Amino acid sequence: MITTRTTCPYCGVGCGVLATPQPDGTVQIAGDPDHPANFGRLCSKGSALGETLSLDGRLLHPEINDERASWDDALDLVATRFRAAIAEHGPQSVAIYGSGQLLTEDYYVANKLMKGFVGAANIDTNSRLCMASSVAGHKRAFGSDTVPGNYEDLEQADLIVLVGSNLGWCHPVLYQRIVAARAARPELKVVLIDPRRTVSADIAELHLPVAPDGDSALFVGLLAHLEQQGITDSDYVSAYTSGYEAALLTAEDWDIARVAEATGLSPLSISRFYDLFARTKKVVTVYSQGVNQSAAGSDKVNAIINCHLATGRIGKPGMGPFSVTGQPNAMGGREVGGLANMLAAHMDFTPEAIDRVSRFWGSDSVAQGPGLKAVDLFAAMARGEIKAVWIMATNPVDSMPEADVVRDALKACPFVVVSDMNRHTDTMELAHVRLPAAGWGEKDGTVTNSERRISRQRPFLPLPGEARPDWWIIKEVAKRLGHGAAFSYFSPGQIFAEHVALSGFENDGSRDFDLSGLSGADYETMTPVQWPVRSRPTARMFGDGKFFTPDGKARFLPVQPPPPFAPAPGQFILNTGRVRDHWHTMTRTGKASRLSAHMAEPFVEVHPADANALGIRRANLVRLTNRHGSALVRALVTDRQQRGQLFVPMHWTDQFANNGRVDTLVTGKVDPVSAQPALKMAQVMAEPVGVRLYGFLVAARKPALATDYWAMAPAPHGYRAEIALFEEPADWTDFLADTFGTDAVFQSIRDERSGRRAFVLVENGRLLAALYTSPDPVLVSRQWAVDLLSETDLTASIVLAGRPGADRPDGGAIVCSCMGVGINTIIEAVTRHGCTSVEAVGALTRAGTNCGSCRAEIRGIVDANRLVAAE
Ligand code: SF4
């Protein structure tokens with residue numbers, strides 16, 4: 001069996017993966033012990049990659065208007081329609097919307113086609129939703145989009161400040177590196193700045209539940225505090241920076257009392273943070289979407305960078321501001337220029353750069369200025385200004401703010417091309433032309449992670465059906481548009497070599513992005529490497545105090561914090577984000593039953609006092625509404641959430657739930673500098689939904705769900721779904737037949753007093769379908785019911801009972817998805833077996849012993865139940 005060294009396709013940690021196809025067609029996945037990002041670790045998502053590789057739901061051949069088509073016909077049509085739009089309406093009438101899922105080589109070719117030969121810069125990407133504010137902040141401060149540090153800095157720091165970053169769930173392997181570093185060096189402290197008490201608070205000495213967008217004031221106040229305390233490094237500031245006085249002038253009024261007012265934090269907790277930051281030399285400030293996805297995101301980034309510049313804590317071991325990216329190749333996209341405001345290879349639209357790139361690409365039609373950024377792009381489409389769009393490897397119908405407006409814009413667009421690996425996404429449904437793209441395991445190219453480390457993604461599976469790599473599809477269209485000579489690529493290695501050459505072209509060290517020390521000949525065997533690579537790779541940037549601004553000095557930026565955000569009376573602030581085991585719009589993680597076991601439906605986190613005031617009880621269905629849209633989600637009542645605020649994950653789409661697309665509720669308001677949408681700051685009303693019957697079902701075959709609420713997930717040997725009905729079905733026999741697609745007679749029971757029912761279909765000892773309904777949220781053990789689908793000697797009475805018998809222990813809701821350990825098993829380990837630590841629970845049950853992403857949850861269960869056991 002051959003093992004292939006490749007890279008995880010999910011988050012920006014960029015873990016190395018060893019993939020070994022097995023004789024039975026499965027693929028064994030392991031962490032690459034030699035990859036410097038993860039040293040063998042993988043999180044729950046990475047560990048389950050082998051379970052996402054089935055061809056179920058794949059797009060395996062091109063389609064035109066829902067009909068199968070040949071590649072030639074599809075490519076000809078794409079070229080014809082793009083050419084016609086350009087001829088009739090000009091190059092600004094066409095666009096590409098790409099993705100941080102694209103490999104660098106794919107990105108490079110797409111960017112070159114649009115900016116170099118179509119002559120418009122209308123190529124933007126879902127990375128605009130992820131880290132555009134960090135790009136803008138970096139460029140304003142450093143003169144370049146450069147991440148100064150690396151992952152080792154997190155292990156070498158004495159203080160890590162996590163701002164707007166639930167690293168424990170969103171970058172789990174990086175989080176585990178910090179956990180391990182803290183175990184080895186207890187002096188390493190962590191401060192978490194986040195409106196929610198996320199699982200990342202588990203390792204934090206101090207959690208600051210800052211008001212939404214209050215982090216700006218917190219860091220502006222920190223700058224003033226550092227100056228007042230004489231902590232700033234005046235030698236560094238005068239030698240290597242400019243603009244300090246202006247930044248300080250803006251900050252000096254921000255004393256602790258004012259910061260407390262703006263952040264909602266106590267003066268004591270602010271002082272503790274400021275003192276910790278002031279007296280600790282080795283500080284790394286890690287930030288991600290909580291900072292970036294804001295209408296003040298770029299300023300927040302600069303407020304953070306200001307504090308590091310003022311203390312000279314940048315570019316040295318264990319020090320620096322550190323933006324961690326959401327996607328596997330958001331950085332690669334930035335490197336090729338895959339954002340509408342960049343040209344190529346970290347060059348902007350300056351006359352010199354346009355001239356340089358024109359000569360390099362051999363084109364006299366290079367775009368002369370920035371194109372439409374994501375929100376503006378879809379707004380232009382809604383106005384009818386975009387006549388043809390090509391969406392690559394992303395799902396804007398779900399991930400863009402005002403998602404229903406985006407859906408309508410795409411419906412109205414005269415020509416929509418979508419290239420993707422999946423046939424069924426909410427965006428793919430709207431395509432006139434569908435192009436089957438290669439997926440992870442089939443792709444061949446490079447990605448760059450959050451620490452500027454370029455790694456190879458290598459194929460270990462053949463291309464299925466007629467799927468093709470993205471770079472091939474793009475170059476075939478380019479050829480048909482008459483640019484064959486400039487797009488005569490035959491391999492990703494050849495494209496990478498051109499990318500390397502452009503990065504070094506007329507680059508005398510004045511541009512940060514330079515790969516010219518890499519040899520194209522090494523492409524196949526390339527090991528992970530941090531750019532810039534001139535004579536050798538660069539682990540850290542700016543240690544020499546040289547920046548990429550015209551005067552070579554880093555720039556302070558005066559930051560004026562935004563006024564505190566107060567929602568309208570009766571409204572809540574809606575924060576959106578991620579869960580531990582799902583990725584983006586679930587096109588891959590939604591295939592793995594064990595990744596759906598942790599969180600199987602969309603939910604809203606709501607504070608107990610708010611829930612009480614609204615009449616929302618645990619597990620009730622809640623409707624969220626505003627003028628943009630609505631969503632139906634399950635109430636998760638928790639004091640992790642602050643009063644007046646709600647949290648809903650962004651993963652659920654129409655493919656997995658009937659009304660769970662939370663980005664329908666998010667306004668299209670953007671940061672004025674970066675154009676990144678404020679995805680964490682919607683305003684919504686919340687109300688309990690009048691449900692007549694709640695239901696939970698399992699089925700061996702995919703059910704046809706048409707209930708008022710439903711959310712479906714895969715299960716081993718079948719499916720599971722939560723449903724709700726606003727009216728009782730007029731005829732249960734018809735309802736069961738329609739839902740489960742069978743006329744077979746179900747066995748059923750009904751408890752008259754509680755109104756609970758169960759309907760069960762068992763044939764030859766196997767469970768084909770079971771439905772449990774109740775006027776209240778259904779109490780049936782989900783894991784028990786799901787496990788029944790795998791059994792072979794069942795009787796209907798066992799299933800109708802709705803709970804496990806004494807001979808079938810109920811592990812409860814899954815906490816550790818790697819080892820399949822449920823909450824009841826962990827509680828029992830504490831209360832019956834006397835386990836008093838995560839380690840002891842792990843030794844007994846194996847929970848938390850693989851990726852570790854669940855260890856914070858296990859600790860919470862241990863703590864809660866130790867007290868119960870002691871009482
Ligand atoms: S932390 Fe998890 S999701 Fe992120 S790259 Fe590593 S294995 Fe993949």
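For the single chain, residues carry numbers from 1 onward in sequence order. Atoms within a ligand are numbered from 1 in the order they appear, just like the ligands themselves. What you see is a predicted model; the values in this text were computed from it and never measured.
- For Ser853, the side-chain hydrogen bond (donor to acceptor under 3.5 Å, both in side chains) criterion is met by no residue, not counting sequence neighbours.
- Here Glu442 pairs with Arg58 in a salt bridge; the nearest charged N to carboxylate O distance falls below 4.0 Å.
- Remark: the Gln457 side chain and the Thr446 side chain contain no N/O donor-acceptor pair separated by less than 3.5 Å.
- For atom 2 (Fe) of ligand 1, protein N, O or S atoms closer than 2.8 Å were enumerated as Cys43 SG, with waters left out.
- A salt bridge links Glu601 to Arg634: one of the charged nitrogens lies within less than 4.0 Å of a carboxylate oxygen.
- Short contacts between ligand 1 and Gly14, defined as distances under 4.0 Å to a heavy atom of the residue, involve ligand atoms 5 (S).
- Ion pair Arg456/Glu524 flagged as a salt bridge, since at least one NZ, NE, NH1 or NH2 atom sits closer than 4.0 Å to an Asp/Glu carboxylate oxygen.
- Taking the ring centroids of His499 and Phe513, they lie under the 6.0 Å cut-off.
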